[in-house]
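Start at 1 and go down the list; that is how both ligands and their atoms are numbered. As the structure is a prediction and not an experimental result, all values here were calculated from the model. Computation of the quantities below employed the complete heavy-atom set of this structure, encompassing side-chain atoms and omitting hydrogens, waters and symmetry-equivalent molecules.
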Amino acid sequence: TRFWIVIPAAGVGKRMGADVPKQYLEVAGKPVLQHTVERLLAVHRVSAVMVALGADDEFWPELPCSREPRVLTATGGKERADSVLNALCALSAHAADDDWVLVHDAARACITPADVERLMEILEDHPVGGILALPVTDTLKEVENGTIKGSPDRSRIWRALTPQMFRYRALKEALESAAKGGLAVTDEASALELAGQSPRVVEGRSDNIKITRPEDLPLAAFYLERQCFE
Ligand code: CTP
Ligand code: MG
């Protein structure tokens, strides 16, 4: 079985509010997406990286990684799940049913190759697959109209990160059936859960942040620079 990467990179970055999509903002000397692709290509067992791009993306060809032989592209869709599904369709000529696909957000540029390798090693013999995730550290509150209704048991709650690693065919079918059922899924694991599967969690790192708002940029720059010395 081979390992493929899918990077949804077709978002507009509304919460960032910049004049270019956030994956093209420069952080620590390079565009966010260049960092992300480089770090995934550094994982030697990856056969290829399939990047889902916005239909009118004029920035991608400027990135050095766009000319790498192990990098392929597809056109994204309306929601993140549509972009992932389009990328999986574009992979159909290459991937076998049981091959592994790791879906990783373009906006998570601080991913470390070592973390990706650890996810692969831990899950490679698992029937379903799983995701990088982190136990929450804050106390959580369930709120209705500004009033606290309860405090869910924190010891059972994890935050979902990416990569999320599943078998090619199982992932494609789960996303297709969620889309057909009109069910909004914000990550791959939820699609597999809806299909009755039980994915694993593998503990990730707290510096694997999703660059979302302007204040995330200096933090990402700090992590990216610091990781170079690990
Ligand atoms: N994404 C995508 N296709 C979409 C929407 C999002 O490929 N239709 C990608 C984004 O490019 C990003 C990842 O999915 O790498 C996670 O989404 P998010 O952080 O929400 O990015 P945006 O949707 O661009 O940001 P915002 O929600 O603030 O507009
Ligand atoms: Mg979004």
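There is a path of hydrophobic side-chain contacts, each under 4.5 Å, that joins Leu194 to Leu85. Val103 and Leu53 fall into different hydrophobic clusters, where Ile, Leu, Val, Met, Phe, Trp and Tyr side chains are chained together by heavy-atom contacts under 4.5 Å. Note on Leu171: it does not cluster hydrophobically with Leu123, by side-chain heavy-atom contacts below 4.5 Å among ILVMFWY residues.
The part of Ser83 lying near ligand 1 is the side chain, judged by heavy-atom distances below 4.0 Å. At a heavy-atom cutoff of 4.0 Å, ligand 1 is contacted by the side chain of Lys22 but not by its backbone.
Those atoms of ligand 1 with a heavy atom of Val12 less than 4.0 angstrom away are 24 (O).
Looking from atom 27 (O) of ligand 1 to the surrounding protein, the closest heavy atom is Arg15 NH2, 2.9 Å. Given atom 9 (C) of ligand 1, the protein heavy atom at minimum distance is Pro8 O, 3.4 Å. Scanning the protein for heavy atoms near atom 26 (P) of ligand 1, the closest one is Lys14 N, 3.5 Å. Nearest protein neighbour of atom 13 (C) of ligand 1, counting heavy atoms only, is Asp105 OD1, 3.5 Å. Among protein heavy atoms, atom 6 (C) of ligand 1 sits closest to Gly11 CA, 3.6 Å. Among all protein heavy atoms, the one lying closest to atom 7 (O) of ligand 1 is Ala10 N, 2.9 Å.
At least one heavy atom of Gly13 sits closer than 4.0 Å to an atom of ligand 1. Residue contacts with ligand 1: Ala9 is included, with a non-hydrogen atom under 4.0 Å away.
Residues Glu176 and Lys180 are not paired through a salt bridge, judged by the lack of any N-O separation under 4.0 Å between the basic side chain and the carboxylate.
For ligand 1, the polar-atom distance check finds no N/O of Ile211 at less than 3.5 Å from any of the ligand's N/O atoms. Every N/O-N/O distance between Met16 and ligand 1 stays at or above 3.5 Å.
Looking at heavy atoms from C-beta onward, Arg167 lies in side-chain contact with Thr1 at the 4.5 angstrom threshold.
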Walk me through whether Lys30 and Glu38 qualify under salt bridge (Lys or Arg N to Asp or Glu O under 4.0 Å). CA-CA 11 Å; Lys30 288 171 210 170; Glu38 265 177 27; 2.8 Å; yes

What's the verdict on salt bridge (Lys or Arg N to Asp or Glu O under 4.0 Å) for Arg80 and Asp187, showing C-alpha distance, side-chain angles and the deciding distance? CA-CA 8 Å; Arg80 181 184 176 286; Asp187 74 344; over 6 Å; no

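Separation of atoms CD1 (Ile157) and OG1 (Thr139) is listed at 12.0 Å; rounding is to 0.5 Å.
With atom 17 (O) of ligand 1 as the reference point, the heavy atom nearest to it among Arg213, Arg108, Lys210, Lys78 is part of Lys210.
Between Gly76 and Ala10, the closest heavy-atom pair is CA-CB, 3.8 Å.
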